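Everything quoted here is computed from the prediction, not taken from an experiment. In what follows, every chain begins at residue 1, and chains take the letters A, B, ... in the order their sequences are listed.
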There are 2 protein chains.
Amino acid sequence: MKEKRTGRPREFDRDEALSAAMHVFWKQGYDGASMKDLTAAMNISGPSLYGVFGDKRQLFMEAIDFYANRKACKPLEVFETEPDIETAVRKFFYEVVEYSTMSISGAKGCFLSSCVATVSGELVGVEALLKRAIFDTDERLARRFELEKARGVLPDTFPSKIRARLMFDLRQGLVFRARAGIEPKYLLADIESNVGIILG
Amino acid sequence: MKEKRTGRPREFDRDEALSAAMHVFWKQGYDGASMKDLTAAMNISGPSLYGVFGDKRQLFMEAIDFYANRKACKPLEVFETEPDIETAVRKFFYEVVEYSTMSISGAKGCFLSSCVATVSGELVGVEALLKRAIFDTDERLARRFELEKARGVLPDTFPSKIRARLMFDLRQGLVFRARAGIEPKYLLADIESNVGIILG
DNA sequence: ATGGTTATATATCGATCGATACAAAACACG
DNA sequence: CGTGTTTTGTATCGATCGATATATAACCAT
């Protein structure tokens, strides 16, 4: 069903191009990223971009989906896979600092908060995607806490939803500081305190 | 020294125009705000804008200074003036929700995190202003806590710096959600929990 | 091979971008 | 008044914006 048999084959990988586009948006913002910047980073021509992704807005929306649902935010993945809950929380924040200050593309901060949020009310469809991404993140964080409660590691009284949101907010603080160019070492210094707040 | 005696007098108020420009940037982002949008909102002509503010980037930098050092972020003002510390913390978060969701200009979220941060690494000079604004905010928050410790209202062991940063981060979470279009009532529901975390 | 189909590269579209040239207008000072 | 100075409104600049028209190239089916 998804294989096309006719026509000239595409000469680039769709996801690679999408990832490249996302990083350009991440670094320069939606309006700050020109089609010239995008096609250069994606290593494709203008017509190829339009042929595959539609237009700039649709490309952006796909980049959001790519980030939220496929690229899988690294901190979140680590938090879900690390067995020990305290280590999981610690690694979560560590990954947040890592990916928001040391990205290869030079893009600092978080794609959602430093790029997508800016055009949330201006570009049709973006607000809904952003809302969903926030909701899903809260859900995934809370789910892990609930799992630990069921396992008896966290007390039954542990307020999973509240701590999940708290964790999300602390993350926002970190990525905002990262975007402002504050050195990783200062952000790393906050991590242990953050862990204590989440689990304490 | 600051009075000019010759030439045709300016027909608009500089600060009013600056405030109007800030709100346009706030809502549409730096790159998303065209000079046409700006002059329309400021109710002045193009040459007038360039004559008084230099160029778009300088206007933006002045808008940042206006926000950080003169307009005085409302939540911060309230936090510093309310006598009772618990009420001050509560009002701080309440004001954050208020001004990040119900702005007359339609701009949601926080000017610094939803607009300025996006171009932090792209526009010369912005990163330094942003760093300074973050540092100053942390300082002002911590200072109030220290004051309450000296007054004996907060215990000597109260970690002012850590709680100040925590308050800042919780604020980032709120304004990010606000920018995403999440209803004020959901944000208001988080306030009491936030107060408990800060002072508990 | 031939026809159908899709992707590519080149070249460029009209619109809008940020920024100015210019001259008339409005003040202070003589 | 006339002169100098600054702001204003109009009109427009070259550059860049997002987006396409066109023709060629590369594949599949027959």
Side-chain angles (χ1 to χ4, degrees), chain A residues 1-18 20-22 24-25 27-64 115-116 118-119 122-126, chain B residues 1-18 20-22 24-25 27-64 115-116 118-119 122-126:
Chain A
M1 208 56 160
K2 51 193 53 175
E3 34 195 323
K4 49 182 165 68
R5 18 187 170 285
T6 74
R8 178 174 174 174
R10 189 180 301 131
E11 295 179 7
F12 62 93
D13 183 77
R14 201 179 192 281
D15 279 358
E16 272 183 25
L18 193 52
M22 182 191 71
V24 175
F25 283 132
K27 184 167 188 284
Q28 304 174 211
Y30 177 79
D31 289 300
S34 70
M35 298 307 291
K36 197 176 175 184
D37 295 330
L38 290 164
T39 51
M42 299 163 83
N43 203 27
I44 63 177
S45 70
S48 290
L49 191 158
Y50 282 89
V52 173
F53 296 104
D55 61 12
K56 190 183 182 185
R57 186 186 130 267
Q58 293 176 54
L59 172 63
F60 187 63
M61 307 255 301
E62 277 214 47
I64 298 174
C115 167
V116 178
T118 302
V119 293
E122 304 290 310
L123 262 185
V124 179
V126 171
Chain B
M1 208 55 159
K2 54 191 56 174
E3 35 194 324
K4 53 180 160 77
R5 15 188 173 288
T6 73
R8 180 173 174 172
R10 192 177 300 133
E11 296 180 5
F12 62 93
D13 182 77
R14 202 180 190 280
D15 279 358
E16 272 183 26
L18 192 52
M22 182 191 72
V24 174
F25 284 131
K27 184 169 190 286
Q28 304 174 213
Y30 177 79
D31 290 300
S34 70
M35 297 307 291
K36 197 175 174 183
D37 295 331
L38 290 165
T39 52
M42 300 162 83
N43 203 28
I44 63 177
S45 70
S48 291
L49 191 158
Y50 282 89
V52 174
F53 296 104
D55 61 12
K56 189 183 182 184
R57 186 186 130 268
Q58 294 176 54
L59 172 64
F60 187 63
M61 306 258 298
E62 278 216 47
I64 298 174
C115 168
V116 178
T118 302
V119 293
E122 304 290 309
L123 261 186
V124 180
V126 171

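- A donor and an acceptor atom never sit less than 3.5 Å apart when one is taken from the side chain of B:R8 and the other from the base of D:dT6.
- For B:F12 and A:Y50, each mapped to the nucleotide of DNA chain D holding its nearest heavy atom, the one lying further toward the 5' end belongs to B:F12.
- A sub-4.0 Å separation between OP1 or OP2 of C:dC29 and a side-chain N or O of B:T6 is absent.
- Checking side-chain atoms of B:R57 against main-chain N and O of B:V124 turns up a donor-acceptor pair under 3.5 Å.
- Here C:dA19 presents its P atom at 14 Å from CZ of B:F60, a figure rounded to the nearest Å.
- In this structure, CG of A:L59 is placed 12 Å from C1' of D:dG18, rounded to the nearest angstrom.
- Rounding to whole angstrom units, NZ of residue A:K56 and C1' of C:dA15 are separated by 15 Å.
- What separates CE of A:M35 from P of D:dT16 is a distance of 17 Å, to the nearest Å.
- Nearest-nucleotide positions on DNA chain D place A:Y30 closer to the 5' end than the other of A:P47 and A:Y30.
- Between A:F25 and A:F60, the ring planes lie perpendicular to each other; the angle is over 60°, past the 30° to 60° tilted range.
- Using a 4.5 Å heavy-atom threshold, the side chains of A:L18 and A:L59 count as touching.
- In this structure, B:R14 atom CZ and D:dT8 atom P are separated by 12 Å, rounded to whole Å.
- Atom CZ of A:F12 is separated from atom CG of A:N43 by 10.0 Å, given to the nearest 0.5 angstrom.
- Judged by distance alone with a 3.5 Å cut-off, no donor-acceptor contact links the side chain of A:R10 to the base of C:dA7.
- Applying the 4.0 Å criterion to OP1 and OP2 of D:dT8, one finds that B:S45 has every side-chain N and O outside that range.
- Taking atom CE on A:M42 and atom P on C:dA9, their separation rounds to 14 Å, with Å as the unit.
- Atom NZ of B:K36 and atom P of D:dT10 are 14 Å apart (whole Å).
- Rounded to whole angstrom, the span from the CG atom of B:D31 across to the P atom of D:dT16 amounts to 15 Å.
- In this structure, the separation between CD1 on A:I44 and CZ on A:F53 is 6.0 Å, given to the nearest 0.5 Å.
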